[in-house]
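Atoms within a ligand are numbered from 1 in the order they appear, just like the ligands themselves.
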Amino acid sequence: MKLLKIASMASLDHRLINLSLLLLLIWVFSTIPQCTHSMPPAPPVTCNATNCVLRNAYGTWGDRKDCWALSVVYPTTEEEIRAAVGQANQKKLKVKSVGAFSHTIPKLACPDENSLIISTAKYDSGIEIDAKGSTVTVDSGVSLRGLIDKVEEAGLSFVAAPYWEGVSVGGLISTGSHGSSWWGRGGAVHDHVVSVSLVVPAAASEGFAKVIRLDAKNPLFNAAKVSLGVLGVISKVTLALDMGSKRSITNVFNNDSHFEDEFVDLAKKHEFADIIWYPSRNTTVYRNDDRVPLNSSGDGINDFVGFQSDSALISSSVRWTEKALENAGNVNGKCTMAASVVAYKKLIANGLKNNNLIFTGYPIVGRQGRMQTSGSCLYTPQSRTLTTCAWDPRVKGLFFYETTAIFPASKFKDFILDVKKLRDLKPENFCGVDVYNGFLIRFIKASTAYLGQSEDSVILDFNYYRADEASTPRMNQDVWEEVEQIAFFKYGAKPHWAKNRNVAFSGVQQKYPNFNKFIAAKKQLDPQNMFSSQWSDEIIFGNLPTKVDGCAMEGLCICSEDRHCNPSKGYLCKPGLVYKDARVCRNSSSSAA
Ligand SMILES: Cc1cc2nc3c(=O)[nH]c(=O)nc-3n(C[C@H](O)[C@H](O)[C@H](O)COP(=O)(O)OP(=O)(O)OC[C@H]3O[C@@H](n4cnc5c(N)ncnc54)[C@H](O)[C@@H]3O)c2cc1C
Ligand SMILES: *[C@@H]1O[C@H](CO)[C@@H](O)[C@H](O)[C@H]1NC(C)=O
Ligand SMILES: *[C@@H]1O[C@H](CO)[C@@H](O)[C@H](O)[C@H]1NC(C)=O
Ligand SMILES: *[C@@H]1O[C@H](CO)[C@@H](O)[C@H](O)[C@H]1NC(C)=O
Ligand SMILES: *[C@@H]1O[C@H](CO)[C@@H](O)[C@H](O)[C@H]1NC(C)=O
Ligand SMILES: *[C@@H]1O[C@H](CO)[C@@H](O)[C@H](O)[C@H]1NC(C)=O
């Protein structure tokens, strides 16, 4: 039955039959209960006798160049972190911290060459719950999943969480990571931080490094909540907890005619609401997601399909298909693929399962800790086939960019109206994004963190194809460049610190009214800029390097001349179609709209 539904989505166009068959095959594969053997992500730091290289989870940074450090240490206690920072200070080395898996996409975590990497991969055992005070204090290397499981065991809940659980507490608060909520303390994890301990450089008389504990009574606290790794090494974090609860989720499919008028009400009505917009399908999905009492019946789980373990075969086949369609310039093929993917996700409720096994109907009710975040590709039990997360570079699976823009809620409607204008010129051009997750729209509340959001905000995420080589033109890349520039320049959206291509950071410091206060705090805690690097400076100060040939092909610059695109392949620098001030690389041989 289910197979027939998917098959009927496929076009009869014979050129697409191969694609449809492949998608079917992939679907069949992914539904057969497999005996699988999970393959943990590669460690981000690898060393030889002379130095170490740091990679992110995708294996490739924005500029496709590795970054280097002299060495790495794996402290297991706060005192070992203090000693490591002290020694680095004494030897005048620079320092960068990284979590166990390094999921930050821009080069924020990249050290200068003359540096020490402090990994928190083995600093992950301390989790102390204060049930009376409703707080938990964790070592910064504790994973989000580790934190949540302990909190739930104690009958409590930690309600704010990014949707991906494979991150460390230190790493996620450093970059302003978030789930979705305008209620209570809001959807950003850093707004649930009660106090934070930082290891910072100190005088020789103090052993060259010391631990300081900051809470709301200290003026430095608003700098330390979102610190981008440049204030010091976070050693401990205390987070506010709530009473244990469950969540009830219902996904509601609508056409996309009016969602720009409805998102505010949705966020006010449902505590953890979000919206997925599939622009090429004229479709939105409202996630009506609410807190419900612990005694509500239901033992559901959110096992988001994009974070399930794929057999290496599936993710490399999907990549292969996407590449074949790109190389053939087959826009309609991408639309078929998008239609199948969206239909499949609807059928399986995006990975929500009523009973741990399958989706049987809405609402899905389950423990907060099993519904708020997922990442089963990290933990699949024992077996035969090689499985991993879909983007694992070792299996040549999915490879994509991610744009994440944060808007003041008041500007989001006009942004959506502009994107709709661009979409309506040629809806097929938007199919590429629906092959991934469409436009994911989430909510975060106003924050006092200097590098957080000063007003209630809307966060938009979208992923899109990245070619194997930097200079290879992508189908309709001008459209994604225009959406990116509408967001960041026309509407002044701010980039998520841990995602995005470099262009998104252009002028970022002017967008934060308290940026100077953050820099003042940095001067106080790290006067020698021990925790800075050329790489993190580029991102934080938003200064893009000098434009070189081809730099706009991967969002390392905005083009102003054809040579910044790829003129030899017919990709020239042109104005936007809706936002005339945009400058994008467009295929001169295809008729623009
Ligand atoms: C598949 C995927 C899904 C994601 N989903 C979401 C989402 O739903 N919402 C969201 O907001 N984000 C999301 N992210 C982004 C992710 O939350 C951030 O990249 C987060 O910072 C990663 O944490 P990490 O532990 O891997 O940190 P790393 O990448 O190791 O480090 C992040 C930054 O923090 C610094 N840092 C790390 N540890 C410390 C420490 N102990 N002290 C001081 N500085 C430190 C590093 O120097 C670096 O600058 C996602 C990322 C991926 C790859
Ligand atoms: C370590 O790796 C770097 C970069 O690949 C290389 O330049 C260097 O020669 C290597 N050193 C040794 C001892 O292998
Ligand atoms: C979209 O849905 C609304 C309400 O459900 C309906 O009034 C409207 O006609 C629909 N628009 C389209 C284009 O189908
Ligand atoms: C979306 O709406 C447009 C305009 O009404 C229509 O031309 C197009 O076929 C629709 N697309 C889908 C996938 O329904
Ligand atoms: C849950 O507990 C509350 C308060 O103890 C009670 O009023 C309610 O009826 C219970 N609900 C269910 C579904 O058992
Ligand atoms: C550019 O447009 C031409 C003509 O439509 C097309 O054949 C080619 O595939 C396009 N290039 C890319 C990378 O999409």
Looking at Tyr512 versus Trp497, is the centre-to-centre ring distance below 6.0 Å?
-> yes
NZ/NE/NH1/NH2 to OD/OE distance under 4.0 Å, Lys445 and Asp191 = no
Centroid separation Tyr465 to Tyr436 less than 6.0 Å | no
Between Thr373 and Glu165, a side-chain donor and acceptor under 3.5 Å = no
What class does the angle between the rings of Phe518 and Phe515 fall in, given that below 30° is parallel, 30 to 60° is tilted and above 60° is perpendicular?
-> tilted
Which of Lys65, Arg501, Arg64 passes salt bridge (Lys or Arg N to Asp or Glu O under 4.0 Å) with Glu554? It is Arg64
Can you pull every nitrogen or oxygen pair between ligand 5 and the protein closer than 3.5 angstrom?
{"residue": "ligand 5", "atom": "2 (O)", "partner": "Asn295", "partner atom": "ND2", "Å": "2.2"}
{"residue": "ligand 5", "atom": "11 (N)", "partner": "Asn295", "partner atom": "ND2", "Å": "3.1"}
{"residue": "ligand 5", "atom": "14 (O)", "partner": "Asn295", "partner atom": "ND2", "Å": "3.4"}

Short side-chain donor-acceptor distance under 3.5 Å, His270 and Asp289 = no
Ring centroid separation for Tyr163 and Phe304, is it under 6.0 angstrom?
-> no
Near Trp68 (heavy-atom distance under 4.0 Å), the atoms of ligand 2 are 4 (C), 5 (O)
Is the shortest distance from a Lys or Arg side-chain nitrogen in Asp299 or Arg370 to a carboxylate oxygen in the other one below 4.0 Å?
-> yes
List, pair by pair, the atoms of ligand 1 and of the protein that are both N or O and lie under 3.5 Å apart, giving the separation rounded to 0.1 Å.
{"residue": "ligand 1", "atom": "8 (O)", "partner": "Tyr163", "partner atom": "N", "Å": "3.0"}
{"residue": "ligand 1", "atom": "8 (O)", "partner": "Arg442", "partner atom": "NH1", "Å": "2.8"}
{"residue": "ligand 1", "atom": "8 (O)", "partner": "Arg442", "partner atom": "NH2", "Å": "3.3"}
{"residue": "ligand 1", "atom": "9 (N)", "partner": "His178", "partner atom": "O", "Å": "3.0"}
{"residue": "ligand 1", "atom": "11 (O)", "partner": "His178", "partner atom": "N", "Å": "2.8"}
{"residue": "ligand 1", "atom": "11 (O)", "partner": "His178", "partner atom": "NE2", "Å": "3.3"}
{"residue": "ligand 1", "atom": "11 (O)", "partner": "His496", "partner atom": "NE2", "Å": "2.8"}
{"residue": "ligand 1", "atom": "12 (N)", "partner": "His496", "partner atom": "NE2", "Å": "3.4"}
{"residue": "ligand 1", "atom": "17 (O)", "partner": "Ser177", "partner atom": "OG", "Å": "2.9"}
{"residue": "ligand 1", "atom": "19 (O)", "partner": "His103", "partner atom": "O", "Å": "3.2"}
{"residue": "ligand 1", "atom": "19 (O)", "partner": "Thr104", "partner atom": "OG1", "Å": "3.1"}
{"residue": "ligand 1", "atom": "21 (O)", "partner": "Thr104", "partner atom": "OG1", "Å": "3.2"}
{"residue": "ligand 1", "atom": "21 (O)", "partner": "Gly171", "partner atom": "O", "Å": "2.9"}
{"residue": "ligand 1", "atom": "21 (O)", "partner": "Thr175", "partner atom": "OG1", "Å": "2.8"}
{"residue": "ligand 1", "atom": "25 (O)", "partner": "Ser168", "partner atom": "N", "Å": "2.8"}
{"residue": "ligand 1", "atom": "25 (O)", "partner": "Ser168", "partner atom": "OG", "Å": "2.6"}
{"residue": "ligand 1", "atom": "26 (O)", "partner": "His103", "partner atom": "N", "Å": "2.8"}
{"residue": "ligand 1", "atom": "29 (O)", "partner": "His103", "partner atom": "N", "Å": "3.2"}
{"residue": "ligand 1", "atom": "29 (O)", "partner": "Thr104", "partner atom": "N", "Å": "3.0"}
{"residue": "ligand 1", "atom": "29 (O)", "partner": "Thr104", "partner atom": "OG1", "Å": "2.8"}
{"residue": "ligand 1", "atom": "30 (O)", "partner": "Gly99", "partner atom": "N", "Å": "2.7"}
{"residue": "ligand 1", "atom": "41 (N)", "partner": "Ser140", "partner atom": "OG", "Å": "3.4"}
{"residue": "ligand 1", "atom": "41 (N)", "partner": "Ile234", "partner atom": "O", "Å": "3.1"}
{"residue": "ligand 1", "atom": "42 (N)", "partner": "Ile234", "partner atom": "N", "Å": "2.8"}
{"residue": "ligand 1", "atom": "44 (N)", "partner": "Ser174", "partner atom": "OG", "Å": "3.4"}
{"residue": "ligand 1", "atom": "47 (O)", "partner": "Ser97", "partner atom": "O", "Å": "2.7"}

Report the part of Asn51 in contact with ligand 2, treating N, CA, C, O as backbone and CB onward as side chain, heavy atoms under 4.0 Å; options are side chain, backbone, both, neither.
-> side chain
One finds that the ligand 2 atoms under 4.0 Å from a non-hydrogen atom of Asn48 are 1 (C), 2 (O), 3 (C), 8 (C), 10 (C), 11 (N), 12 (C), 14 (O)
Would you check if there is a donor-acceptor pair between the side chains of Asp274 and Ser180 at a distance under 3.5 Å?
-> no
Can Lys225 and Thr448 be said to form a side chain to side chain donor-acceptor pair (under 3.5 Å), step by step?
-> CA-CA 9 Å; Lys225 279 185 192 168; Thr448 53; 2.7 Å; yes
